[in-house]
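Below: one structure, written as structure tokens.
This is a predicted model, so every value here is computed, not measured.
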Amino acid sequence: MRLSRTVIRICSTLFLVSSLSVGCATTETITDSAANSTTKEQKKNISPIDSIPREPHGLGPGDVFKVTVFGQDELSGTHRIRTDHTIDFPLVGTIKMEAQDVRAIEETITGKLKDYLVNPQVSVFVTEYKSKKIFVFGFVKSPGTFAYQDGMNIIELISLAGGFLPNANQNGTYVTRTIKGNETKIDVAVQKIVEGRLTNLSLQPGDIVFIPESIF
């Protein structure tokens, strides 16, 4: 009788261990499946155009920017770059702005103000671009030249151009961009962007957008 009870206990223990092992295996499989599902979902929205470099671009005549000097309201204000690439700044006088981007302008004004202020804090925000252009050609309703706007993307530009013509090859759209002195062609599947399958493409001054005709 003692032997029978011992055998029963051993069998029960083995059954319990086996059940726990199966349960753990099932949990791990579900977790891995969920992880794989998440990975696929994340990859769906990753676009090769996310890695396209954006080069800093200098401001030019007609461009307008706002300067904020922390704690110095009398030195803060809006400036338009003149045709000779200069502005007049309080205390400092005339400052040359030729081919300077936002960061360079901040550094230039900060350097000038150090002769008058202790540790000046300067920020610059562009409010209007006049010297920068973007071009769109091909099968859109109103092809031509458009003023660049900070943060503009390809969907906004196509909307400004009146949208696609019926025979446009939307997913055949491409952008020609100058990167480090070399022209680079960037393929942009616009329809996939509209459908949320790819991220939007931010444009930069000088970009040339072309929409070809569909062959179907």
Side-chain angles (χ1 to χ4, degrees), residues 47 49-137 140-163 175-184 186 188 190 193 199-210:
S47 167
I49 62 179
D50 292 337
S51 60
I52 300 296
R54 287 176 53 82
E55 294 190 327
H57 48 272
L59 275 64
D63 292 341
V64 180
F65 60 90
K66 181 179 180 180
V67 178
T68 301
V69 183
F70 181 74
Q72 302 290 332
D73 292 341
E74 67 279 8
L75 298 180
S76 301
T78 301
H79 302 269
R80 182 184 297 274
I81 301 177
R82 297 192 288 251
T83 55
D84 61 352
H85 298 270
T86 63
I87 64 167
D88 288 330
F89 200 84
L91 289 181
V92 174
T94 301
I95 302 178
K96 196 75 171 178
M97 293 284 108
E98 188 170 8
Q100 293 196 56
D101 60 16
V102 169
R103 180 61 60 83
I105 293 174
E106 289 176 346
E107 293 175 351
T108 296
I109 295 175
T110 298
K112 298 286 187 181
L113 288 177
K114 284 183 178 179
D115 293 335
Y116 307 92
L117 302 174
V118 177
N119 192 28
Q121 303 294 313
V122 177
S123 65
V124 171
F125 177 76
V126 180
T127 59
E128 185 178 353
Y129 285 98
K130 286 293 186 181
S131 66
K132 308 303 177 186
K133 306 294 182 183
I134 287 184
F135 312 91
V136 56
F137 301 106
V140 288
K141 293 180 180 178
S142 301
T145 304
F146 297 85
Y148 173 78
Q149 301 173 17
D150 197 29
M152 178 183 285
N153 59 55
I154 195 164
I155 300 299
E156 291 172 334
L157 178 62
I158 291 172
S159 296
L160 288 174
V175 176
T176 301
R177 173 176 299 174
T178 300
I179 300 175
K180 296 182 179 179
N182 299 315
E183 286 192 348
T184 301
I186 307 168
V188 188
V190 175
I193 294 175
T199 54
N200 210 336
L201 173 66
S202 296
L203 299 173
Q204 67 179 41
D207 279 352
I208 302 172
V209 180
F210 182 76

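- Listed by chain and residue number, nothing satisfies the side-chain contact (heavy atoms from CB on, under 4.5 Å) test with Asp115 (two or more places apart in sequence, or in another chain).
- With hydrogens and angles left out, the side-chain atoms of Glu106 and Ser123 include no donor and acceptor closer than 3.5 Å.
- Considering only heavy atoms from C-beta on, Val122 comes within 4.5 Å of Leu113 through its side chain.
- Every residue was checked against the ring pair (Phe, Tyr, Trp, His ring centres under 6.0 Å) condition with Phe146, not counting sequence neighbours, and none meets it.
- Between Gln100 and Thr108, the closest side-chain pair of non-hydrogen atoms falls below 4.5 Å.
- You'll find the side chain of Ile158 reaches within 4.5 Å of the side chain of Val190, heavy atoms only.
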Take Arg82 and Asp88 through the salt bridge (Lys or Arg N to Asp or Glu O under 4.0 Å) test and state the conclusion after the steps.
-> CA-CA 10 Å; Arg82 297 192 288 251; Asp88 288 330; 3.0 Å; yes
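- Closest approach of Ala104 to Asp101, counting heavy atoms only: N-OD1, 2.8 Å.
- Salt bridge status for Arg177 with Asp207: present, with a side-chain N to carboxylate O gap under 4.0 Å.
- Side-chain atoms of Tyr116 come within 3.5 Å of backbone atoms of Leu91 as a donor-acceptor pair (strictly under, hydrogens ignored).
- In this structure the side chain of Pro120 reaches within 4.5 angstrom of the side chain of Lys114, judged on heavy atoms.
- Separation of atoms CZ (Phe125) and CD1 (Ile105) is listed at 13.0 Å; rounding is to 0.5 Å.
- Checking Ile134, Ile186, Val175 one by one against Ile154, the side-chain contact (heavy atoms from CB on, under 4.5 Å) holds for a single residue, Val175.
- Here the closest heavy-atom approach between residue Leu59 and residue Lys132 is recorded as CA-CE, 4.2 Å.
- Closest non-hydrogen pair, Tyr148 versus Tyr129, comes out as O-CB, 3.1 Å.
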Counting only pairs under 3.5 Å, give me each side-chain donor-acceptor contact of residues 64-74, with atom names and distances, residues two or more places apart or in other chains.
none

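- In this structure, the side chains of Val209 and Val140 stay at 4.5 Å or more apart for every pair of heavy atoms.
- Rounded to the nearest 0.5 Å, atoms CZ (Phe135) and CD1 (Ile208) are 6.5 Å apart.
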Before giving the answer on ring pair (Phe, Tyr, Trp, His ring centres under 6.0 Å), spell out for Phe137 and Phe210 the whole-Å C-alpha distance, their side-chain angles and the decisive distance to 0.1 Å.
-> CA-CA 5 Å; Phe137 301 106; Phe210 182 76; 7.8 Å; no
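- Interatomic distance, Lys112 NZ to Ile95 CD1, rounded to the nearest 0.5 Å: 6.5 Å.
- Counting only heavy atoms from C-beta outward, the side chains of Ser202 and Met152 never approach each other to under 4.5 Å.
- Of the inter-residue distances, the one linking Thr86 atom OG1 with Ile81 atom CD1 reads 9.0 Å to the nearest 0.5 angstrom.
- One distance of note links CD1 of Ile109 with NE2 of His79; it measures 6.5 Å at 0.5 Å rounding.
- If you take CD on Gln149 and OG1 on Thr127, they are separated by 12.0 Å, rounding to the nearest 0.5 Å.
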Side chain to side chain contact (heavy atoms under 4.5 Å, CB included) between Ile155 and Ile193, intermediate numbers included = CA-CA 8 Å; Ile155 300 299; Ile193 294 175; 3.9 Å; yes
Could you give me the CA-CA distance, side-chain angles and deciding distance for Thr176 and Thr184, then say whether side chain to side chain contact (heavy atoms under 4.5 Å, CB included) is met?
-> CA-CA 6 Å; Thr176 301; Thr184 301; over 6 Å; no
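- Across all non-hydrogen atoms, the minimal contact from Pro61 to Ser131 is O-CB, 3.5 Å.
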